[in-house]
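Structure record follows, encoded as structure tokens.
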Amino acid sequence: MRILRAATVTATVTALAAAASGCGGGTSPGGGGNHDSPKTLTYWASNQGPNVEADKKILGPELKKFERQTGIKVKLEVIPWPDLLNRILAATTSGQGPDVLNIGNTWSASLQATGALLPWDKRNLDEIGGRDRFVAPALGATGATGKDPAAVPLYSLTYALYYNKQMFKDAGISKPPATWDELVADGKRISKDGKWGLGAEGGQLTNNIHQAFALGKQHGADFFDAAGKPTFTSDGAVAAVKQYVDFMAKDKIIAPGNAEYGQNQSLRDFAKGRTAMVLWQAAATTFAADGMKPDDWGVVPVPVPSGAPGTGRQINSMLAGINIAVFKNTHNLDGARKFVTFMTSDAEQKLLNKTYGSVPPVKAAQQDPAFNRQDTRVLRETLTRSAAPLPQVADEAQFETSVGTAIKDLFADAAAGHPVTTESVRARLSKAEQQMAK
């Protein structure tokens with residue numbers, strides 16, 4: 001999921017269970033046929049650009065191109081992030097969904113559990129060129145382990161550490177941090193006279209989860225065990241959440257006001273020279289819109305405890321992005337597969353990911369020079385070397401809500417000057433774990 005426009009995920013297990021019992025309103029078992037309207041498709045696109053109208057302008061010419069190639073007309077609806085998940089869940093319950101749709105990749109397993117999406121088994125994947133066309137980490141965010149993917153990677157994103165070059169120079173810091181100890185030390189040197197070392201979006205649940213998840217990996221925690229049971233109160237999970245909140249509570253490198261941020265205010269603070277560092281996905285276009293020049297900022301991989309980013313405890317980013325899926329009860333399965341083939345083609349992957357500032361999950365498309373700039377190279381290398389998908393469990397959406405809220409509340413405690421201890425973190429996470437059990 002792209003946090004720049006991501007809404008707080010509020011779907012509950014109950015809603016997903018209801019969706020599972022209500023789907024299957026199609027006319028043909030196993031995916032339907034294209035006999036009703038072989039020359040028409042409906043497509044729900046997620047809002048990736050600055051606004052819905054911008055997406056229509058970006059996608060419109062590409063859909064016309066697809067129509068010229070196949071004779072199939074695509075009816076486009078761009079759905080804002082605050083509405084997308086609820087619209088999808090409503091469609092799964094009614095059985096009246098689009099033919100093709102975009103989903104946040106963190107929702108893959110949750111929506112897979114409804115049974116409403118077409119499984120991308122070997123036959124279906126072969127129709128679009130085979131699974132080997134895609135980078136393995138992106139395929140890891142397409143559904144539960146051991147099951148056929150519920151969707152196909154479309155746009156991939158990871159986190160990077162962006163830093164303000166002038167603020168570093170003014171503080172006498174010669175290079176950006178590579179470890180968390182270095183980040184805290186740099187942040188403390190900068191955090192004075194109304195300026196702060198690091199920005200955060202303490203009120204944005206999804207961002208809270210993304211940061212805690214990557215830190216959890218570094219502490220040896222996954223937040224769920226192999227059976228999909230929550231382990232929010234494990235020592236590693238508690239340590240990860242505390243480390244993140246401590247940037248404000250203990251280290252004093254995040255401004256207390258960031259506890260209320262949830263609309264990308266930390267990026268504006270960065271662009272205005274009030275904050276020296278920010279952890280974000282594909283921020284270049286946002287900085288440009290706020291008046292920054294490319295030479296004003298630098299970008300490096302998100303820090304790790306020591307050494308270099310990699311696998312295991314050296315993971316330094318959750319794997320964000322957008323997947324493209326097909327409703328299982330589509331009346332135009334052949335056309336839907338052709339459309340997914342088109343959208344994941346090398347040419348479209350290069351064009352669309354360049355436009356949106358994301359990284360192609362298709363290997364061949366990554367060879368385009370556009371993805372070898374300083375910023376995109378860091379994102380691309382993180383994607384292939386040191387990013388991991390959020391837990392692919394049916395309860396993932398509720399995980400974002402419950403644990404994201406716990407972290408939000410801890411940031412509020414820190415901003416108010418209340419102590420944030422291991423015990424208080426564990427208590428908040430225990431409450432979140434109990435909510436998952438209801």
Side-chain angles (χ1 to χ4, degrees), residues 1 3 6 8-13 16 85 104-113 137 140-147 158-159 180 200-202 204-247 279 302 304-305 309 311-321 386-411 420 422-438:
M1 180 191 300
I3 66 169
T8 298
V9 179
T10 58
T12 63
V13 174
L16 290 170
L85 183 57
N105 68 356
T106 64
W107 306 338
S108 294
S110 296
L111 293 175
Q112 183 181 50
T142 56
T145 302
K147 294 185 178 181
T158 62
Y159 280 85
W180 291 116
E201 298 281 322
Q204 189 183 100
L205 307 194
T206 51
N207 196 10
N208 287 341
I209 285 295
H210 295 173
Q211 307 305 337
F213 171 75
L215 288 170
K217 284 290 189 181
Q218 295 175 11
H219 285 277
D222 279 327
F223 289 91
F224 288 87
D225 63 19
K229 182 180 178 181
T231 56
F232 303 162
T233 56
S234 70
D235 290 346
V238 171
V241 171
K242 188 174 188 301
Q243 180 181 351
Y244 185 47
V245 178
D246 268 350
F247 292 145
L279 299 163
V302 174
V304 290
T311 58
R313 293 198 177 201
Q314 299 301 90
I315 292 292
N316 67 340
S317 176
M318 60 82 66
L319 197 153
S386 58
L390 285 179
Q392 294 292 300
V393 296
D395 290 339
E396 194 283 327
Q398 193 179 9
F399 162 57
E400 292 192 25
T401 301
S402 59
V403 176
T405 299
I407 297 172
K408 175 184 175 181
D409 292 342
L410 287 163
F411 268 122
V420 175
T422 297
E423 290 72 24
S424 66
V425 172
R426 195 181 301 276
R428 295 280 190 185
L429 293 176
S430 177
K431 181 180 178 181
E433 196 170 271
Q434 291 167 14
Q435 291 172 342
M436 292 283 291
K438 293 180 180 178

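Side-chain atoms of Y244 and L410, non-hydrogen and from C-beta on, never get closer than 4.5 Å to each other. Side chains of S234 and F223 form no contact here, defined as non-hydrogen atoms less than 4.5 Å apart. Residues M318 and Q211 form no side-chain contact, since every pair of their non-hydrogen atoms from C-beta on lies 4.5 Å or further apart. A 4.5 Å side-chain heavy-atom check between M436 and F232 finds at least one atom pair inside the cut-off. For the pair T405 and L205, the minimum side-chain heavy-atom distance is below 4.5 Å. Residues V403 and E433 have side chains not in contact (no heavy-atom distance under 4.5 Å, counting atoms from C-beta outward). When side chains are defined from C-beta on, T106 does not count as touching I209, because their heavy atoms never get closer than 4.5 Å. Looking at N207 and Y159, their side chains come closer than 4.5 Å, going by heavy atoms from C-beta outward.
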Item to check | Candidate pair F247 and W180, rule ring pair (Phe, Tyr, Trp, His ring centres under 6.0 Å), full reasoning | outcome: CA-CA 10 Å; F247 292 145; W180 291 116; 5.5 Å; yes
Checklist entry - What do the steps show when you test L429 against V238 for side-chain contact (heavy atoms from CB on, under 4.5 Å), and what is the final call? => result CA-CA 8 Å; L429 293 176; V238 171; 4.0 Å; yes
Item to check | Worked verdict on Q218 versus N316 for side-chain contact (heavy atoms from CB on, under 4.5 Å) | outcome: CA-CA 8 Å; Q218 295 175 11; N316 67 340; 4.0 Å; yes
Checklist entry - Run the side-chain contact (heavy atoms from CB on, under 4.5 Å) check on S386 and Q314 step by step: do they pass? => result CA-CA 7 Å; S386 58; Q314 299 301 90; over 6 Å; no
Checklist entry - Given Q398 and V393, is the side-chain contact (heavy atoms from CB on, under 4.5 Å) satisfied, shown in steps? => result CA-CA 10 Å; Q398 193 179 9; V393 296; over 6 Å; no
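Considering every non-hydrogen atom in both G404 and N208, the closest pair reads O-ND2, 3.2 Å. For the pair A394 and S110, the tightest heavy-atom approach, listed with the atom from each and the gap, is O-OG, 3.0 Å. Of all non-hydrogen atoms in A388 and K217, the two that sit nearest each other are CB-CE, 4.1 Å. Residues A221 and A237 come closest through the heavy atom pair CB-N, 3.3 Å.
Counting only distance, with no hydrogens or angles, the side chain of S108 and the backbone of A141 share a donor-acceptor pair below 3.5 Å. Side chain of R428 to backbone of A406: no donor-acceptor contact under 3.5 angstrom is found. Of the possible donor and acceptor atoms, one in the side chain of Q112 sits under 3.5 Å from a partner among the backbone N and O of A144.
Salt bridge D409/K431: absent, no basic N to carboxylate O contact under 4.0 Å. The pair K242-D246 meets the salt-bridge criterion, since a charged nitrogen lies less than 4.0 angstrom from a carboxylate oxygen.
Atom OG1 of T401 sits about 11.0 Å away from atom NZ of K408, to the nearest 0.5 Å. With rounding to the nearest 0.5 Å, the separation of CD1 in I407 from CD in Q204 is 12.0 Å. Considering CG of L390 and CD of E400, their distance stands at 6.0 Å, rounded to 0.5 Å.
Taking the six-membered ring where the residue is Trp, F224 and F399 present perpendicular rings, their angle passing 60° and hence far from 30°.
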